[in-house]
Structure formats: C-alpha cells, structure tokens
Asks: 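Here it is, the structure, as structure tokens.
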Amino acid sequence: MCLLAGFSLSCLAQADKIVGVYEVTETETGEVSKVEIYKTGNTYGAKVVWLAEPYYPDGTLKTDIKNPDPNLRDTPADKIVLVTGLQYNPDKEIWEKGKVYHPVHGKFYKVQMEFKNEDTLSVRGYVGVPMVGMTVYWKKIS
C-alpha cells in the first residue's frame, strides 16, 4: 500500500512496473502482436507496435477498418491505440478507470489490469462492472 502525500517513490515504481512491451494473442483471430504500455502524465496507455502479419493475403495493409471514428479507419493495424486513461490504484494494486479498444469489434470497453505473476498481465475489458466482461492475458517481454 502506498501512503504519505499521495505517492511515495516505491509506489511510483510499483505503478510504473506496467510499462513495457507485451506479446498478445488475439483470442478470436489468433493474430499475434506486440503491444507497448506507456505512461503519459499520471495515466497509462497502450498501442500496437508490431503485428506478425500486417498485410492481408492479397498484400493490402491491415488497417483499423471498424473504428467508430471514420478519421481513424486508415490507421495501420500495427499502430492502433488500444488503451487510454488507465490509472494505478495503490490500495487494490490494479490499474483501472481507463478504456480499452477492441479493433476486431470496433468497440470500447472499460478496462482493469493487474499482474497475475511477474510477467503475466491480466487485462479485463467490461461493460458496467468488471464481473460482466472478458479477460485476456498479455505476456511481458521487456
């Protein structure tokens, strides 16, 4: 637990432990990607930084075609922002209050993340309350 004037140095280190690159396998398509979690101010975000297969079989570039924002539909699939506004909760030792984007569905969900072990991050996207959602696991590689 982190006390004393909001955050101690050890609390900041604990909060920042989420920063890094993760290998992710999309549960519906089986597509493998690398996702980077980064810090912006006091929040965390995540973006795709690499895809095993960035092109369709016909050679065209995969893009974010289901994005609800038409201006973002030409974004290459290996540059999609997946998570925004994530905040560390030191009392629960979880990251929460952010949004996660599911590019296969083109939808946004609330998100909650926590480490299951040293290098396995549980990522739960949900509607309403965390009990109503789906969990995937990201494997930290750096």
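All values derive from a computational prediction rather than experimental measurement.
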Asks: Mind checking ring-ring contact (aromatic ring centres under 6.0 Å, His included) for Tyr55 and listing every partner two or more places apart, or none if nothing turns up?
Replies: none
Asks: Nearest 0.5 Å please: distance from the CD atom of Glu36 over to the CH2 atom of Trp50.
Replies: 15.0 Å
Asks: What side chain to side chain donor-acceptor pair (under 3.5 Å) pairs are there with at least one residue in residues 21-32, not counting sequence neighbours?
Replies: Glu26-Thr29, Glu26-His102, Glu28-His105, Glu31-Lys62
Asks: If we only count heavy atoms from C-beta on, is the Lys110 to Gln112 side-chain gap below 4.5 Å?
Replies: no
Asks: Does Phe115 have its ring centroid less than 6.0 Å away from the ring centroid of Trp95?
Replies: yes
Asks: Please say yes or no: joined through hydrophobic side-chain contacts below 4.5 Å, possibly via intermediate residues, are Val127 and Phe108 part of one cluster?
Replies: yes
Asks: Between Leu51 and Val136, is there a shared hydrophobic cluster once you connect ILVMFWY residues whose side-chain heavy atoms come closer than 4.5 Å?
Replies: yes
Asks: Find out whether Leu86 and Val100 are in side-chain contact, i.e. whether some heavy atom of one side chain is under 4.5 Å from a heavy atom of the other.
Replies: no
Asks: Using the rule that Ile, Leu, Val, Met, Phe, Trp and Tyr join whenever any side-chain heavy atoms are under 4.5 Å apart, tell me whether Val21 and Val32 fall into a single cluster.
Replies: no
Asks: Is it true that the side chains of Asp16 and Tyr44 contain a donor and an acceptor less than 3.5 Å apart?
Replies: yes
Asks: Using every non-hydrogen atom in the two residues, find where Lys116 and Tyr137 come nearest and quote the distance to one decimal.
Replies: CG-CE2, 3.9 Å
Asks: Quick one: pull up NZ in Lys17 and OH in Tyr88 and give me the separation to the nearest 0.5 Å.
Replies: 7.5 Å
Asks: With a 4.5 Å limit on heavy-atom distance, are the side chains of Ser33 and Trp138 in contact?
Replies: no
Asks: Following the transitive rule for hydrophobic clusters with a side-chain heavy-atom cut-off under 4.5 Å over Ile, Leu, Val, Met, Phe, Trp and Tyr, establish whether Val35 and Met113 coincide in one cluster.
Replies: yes
Asks: With sequence neighbours excluded, what pairs up with Val132 under the side-chain contact (heavy atoms from CB on, under 4.5 Å) test?
Replies: Val129
Asks: Might you point out which heavy atoms bring Glu96 and Ile94 nearest each other, and give the distance in Å?
Replies: OE1-CD1, 3.3 Å
Asks: Give me the atom names and distance for the closest heavy-atom approach of Asp64 to Pro103.
Replies: OD1-CB, 4.0 Å
Asks: Residues two or more places apart in sequence or in another chain: which of them pass salt bridge (charged side-chain N to carboxylate O under 4.0 Å, His left out) with Lys139?
Replies: Asp119
Asks: Using the rule that Ile, Leu, Val, Met, Phe, Trp and Tyr join whenever any side-chain heavy atoms are under 4.5 Å apart, tell me whether Tyr109 and Val104 fall into a single cluster.
Replies: no
Asks: Would you be so kind as to tabulate the donor-acceptor pairs closer than 3.5 Å made by side chains of residues 71-83, with sequence neighbours excluded?
Replies:
from	atom 1	to	atom 2	distance (Å)
Arg73	NE	Asn67	O	2.7
Arg73	NH2	Asn67	O	3.2
Thr75	OG1	Leu72	O	2.9

Asks: Checking Lys140 side chain against Val19 main chain: does a donor-acceptor pair fall under 3.5 Å?
Replies: yes
Asks: Within the supplied structure, the quantity of interest is the number of heavy atoms (other residues, nucleotides, ligands) at a distance under 6.0 Å from Lys99 NZ; does it exceed 12?
Replies: no
Asks: Only pairs at least two apart or in different chains count here, so list each side chain to side chain donor-acceptor pair (under 3.5 Å) that has a residue in residues 122-131.
Replies: Arg124-Thr135
Asks: So which heavy atom on Tyr101 is nearest to which on Pro68, and how close?
Replies: CE1-CD, 4.0 Å
